[in-house]
*Asks:* 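Mind looking over this structure? Questions follow.
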There are 2 protein chains.
Amino acid sequence: MTEIRTNDENGPRPAEARAERFQAVREAHRNELAEDYVELIAELIAQFGEARPVDLAARMGVTAPTVAKTLDRLAREGLVARAPYRSVFLTPDGARLAESCLRRHEIVVRFLIRLGLDPETAEKDAEGIEHHVSDRTLELFRSFAECS
Amino acid sequence: MTEIRTNDENGPRPAEARAERFQAVREAHRNELAEDYVELIAELIAQFGEARPVDLAARMGVTAPTVAKTLDRLAREGLVARAPYRSVFLTPDGARLAESCLRRHEIVVRFLIRLGLDPETAEKDAEGIEHHVSDRTLELFRSFAECS
DNA sequence: ACATTAAGTTAGACACAGCTAACTTGTAAT
DNA sequence: ATTACAAGTTAGCTGTGTCTAACTTAATGT
């Protein structure tokens, strides 16, 4: 064998573009859990006046220690405030994030339903999709969902 | 204080439904990386006749050891076949998975473009979205993208 | 006031996905 | 045939997210 080498005779441009896309997804990934938590916390506070770890665990489908560890991280990142054996609350930053996540979630769900999906599946798919939708796409979703 | 307890007087139904949704997302999550790899490997093979770790690393935006570890896992799971210091190939299972991922990816991209998104952003968003789209939703995307 | 029980915490394990540093292998060019 | 360099591997570190088991705290009911 003599040639075949490099596999990049087309230049590394497309390879790099791709790498950037994957890196962006990994980045989104890191924020997903935080977003899901603050979103849930905001809803629980709206509904019950407080968000207790036990309720978070039930709704996230994980055990109490997992919730505790995650809340520690969120506290470290300044998104939630907590005291031992107490309910969890959102910091201003956390509340802001929750607000935008809820909005985003709502738009995605409404969009999917408008597309023709049943509400249950829409809710399910939205949970996975919402974290990966750019602002431009979200805007398109919103217009489509609201078009008469 | 006397009452306020439980926070679940509405019954645990909605909480459980939610937990299931999150669990589904975590499940999808676990498969994401595997899907991205087999998809990329299939493309490289189609383009160059082989998929080399160095090309995977460049396109995934990670280092060579990370690729090696991931490929080990994929081999363990029966999706790829490899020999030391050689290129990677797909098993029949891996090829099937790659096929369906490529199809899915294409549909999502075309759908987003039809919605009015620029191709570059479509490509970027699709990378994150494609793993979280149910079959029903994918079908709706397909119809929408292909509607005259 | 105290005992019971539910909620929360701590400790420790595992798997995964990323990294750097150092080593080995294989290929290509001289 | 040798050497030099690119590709691949191995070892070992980090941080995250999950778990179980065992412990502590707080609230409820009698």
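What's counted below: heavy atoms across the whole structure, side chains too, no hydrogens, waters or symmetry copies. Letters A, B, ... are given to chains in the order of the sequence lines, protein chains preceding strands, and every chain is numbered from 1.
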*Asks:* B:Met60 has an atom CE; how far is it from atom P of C:dC16, in whole Å?
*Replies:*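 Going from CE in B:Met60 over to P in C:dC16 covers 16 Å.
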*Asks:* Mind checking what makes ring-ring contact (aromatic ring centres under 6.0 Å, His included) contact with A:His132, not counting sequence neighbours?
*Replies:* B:His132
*Asks:* According to the salt bridge (Lys or Arg N to Asp or Glu O under 4.0 Å) rule, which pairs have a member within residues 34-43 of chain B, sequence neighbours left out?
*Replies:* A:Arg18-B:Glu43
*Asks:* I want to verify a distance call: between D:dT24, C:dT24, D:dC19, whose nearest atom is closest to the B:Tyr85 side chain?
*Replies:* C:dT24
*Asks:* Check for a donor-acceptor pair, side chain of A:Thr91 on one end and backbone N or O of A:Leu79 on the other, with a separation under 3.5 Å.
*Replies:* yes
*Asks:* Considering only D:dT9, C:dG18, D:dT20, which nucleotide approaches the side chain of A:Pro65 most closely?
*Replies:* D:dT20
*Asks:* Output yes when a side-chain donor or acceptor of B:Arg52 lies under 3.5 Å from a complementary backbone atom of B:Leu44, and no otherwise.
*Replies:*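 No; judged by distance alone, with no hydrogens or angles, the pair does not exist.
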*Asks:* Give, ordered by number, those residues of residues 69-79 of chain A having at least one heavy-atom distance below 4.0 Å to an atom of DNA chain C; if nothing qualifies, reply none.
*Replies:*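 Of all residues in residues 69-79 of chain A, the ones placing a heavy atom under 4.0 Å from DNA chain C are A:Lys69.
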*Asks:* May I have the distance from A:Asp36 (atom CG) to D:dT16 (atom C1'), rounded to whole angstrom?
*Replies:* 15 Å
*Asks:* Can you tell me if the side-chain N/O atoms of B:Arg26 get under 4.0 Å from OP1 or OP2 in D:dG17?
*Replies:*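 So the side-chain polar atoms of B:Arg26 never come under 4.0 Å of the phosphate oxygens OP1 or OP2 of D:dG17.
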*Asks:* Give me the bend of the helix from C:dA1-D:dT30 to C:dT30-D:dA1, using the axes of the five pairs at each end, rounded to 10°.
*Replies:* 10°
*Asks:* Closest to the B:Arg82 side chain: D:dT18, D:dT9, C:dG18?
*Replies:*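 Out of D:dT18, D:dT9, C:dG18, the nucleotide with an atom closest to B:Arg82's side chain is D:dT9.
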*Asks:* Mind calculating the distance between OH (A:Tyr37) and P (D:dT16) to the nearest angstrom?
*Replies:*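 My rounded result for the distance is 14 Å.
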*Asks:* To the nearest Å, how far apart are B:Asn31 CG and C:dA17 P?
*Replies:* 10 Å
*Asks:* OP1 or OP2 of D:dG17 versus the side-chain N and O atoms of A:Thr66: is any pair under 4.0 Å?
*Replies:*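 Indeed not, no polar side-chain atom of A:Thr66 lies that close.
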*Asks:* When the distance from CZ of A:Arg86 to P of C:dA6 is rounded to whole Å, what number comes out?
*Replies:* 20 Å
*Asks:* Tell me the interatomic distance from A:Glu35, atom CD, to D:dG17, atom P, rounded to whole angstroms.
*Replies:* 13 Å
*Asks:* Under the ring-ring contact (aromatic ring centres under 6.0 Å, His included) rule, what pairs show up with a residue in residues 50-93 of chain A, not counting sequence neighbours?
*Replies:* none
*Asks:* Using modelled atom types and a 3.5 Å cut-off, is there a donor and acceptor pairing between side-chain atoms of B:Arg26 and backbone atoms of A:Gly61?
*Replies:*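 Yes: the side chain of B:Arg26 pairs with the backbone of A:Gly61.
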*Asks:* If hydrophobic residues (ILVMFWY) are linked whenever their side-chain heavy atoms come closer than 4.5 Å, directly or via other members, who joins A:Leu102 in its cluster?
*Replies:* none
*Asks:* On the nucleotide D:dC19, are OP1 or OP2 found under 4.0 Å from the side-chain N or O atoms that A:Thr63 carries?
*Replies:*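 A:Thr63 to D:dC19 OP1/OP2: side-chain N or O found under 4.0 Å.
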*Asks:* Return the value, rounded to whole Å, for the distance between atom CZ of B:Arg30 and atom C1' of D:dT18.
*Replies:*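 Computing the B:Arg30:CZ to D:dT18:C1' distance gives 9 Å.
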*Asks:* Whole-Å distance between C:dA6 C1' and A:Asp55 CG?
*Replies:* 12 Å
*Asks:* With sequence neighbours left out, which residue pairs that include part of residues 89-100 of chain A fulfil the salt bridge (Lys or Arg N to Asp or Glu O under 4.0 Å) condition?
*Replies:*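 Output for this query lists A:Asp93-A:Arg96.
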*Asks:* In terms of side-chain heavy atoms of A:Arg52, which of C:dA7, D:dT20, C:dC19 is nearest?
*Replies:* C:dA7
*Asks:* Please identify each residue that fulfils ring-ring contact (aromatic ring centres under 6.0 Å, His included) with A:Phe144, with sequence neighbours left out.
*Replies:* A:Phe111, B:Phe144
*Asks:* Does anything in residues 65-79 of chain A pair up under salt bridge (Lys or Arg N to Asp or Glu O under 4.0 Å), and if so which pairs, sequence neighbours excluded?
*Replies:*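 Only A:Asp72-A:Arg82, A:Arg73-A:Glu77 qualify under salt bridge (Lys or Arg N to Asp or Glu O under 4.0 Å).
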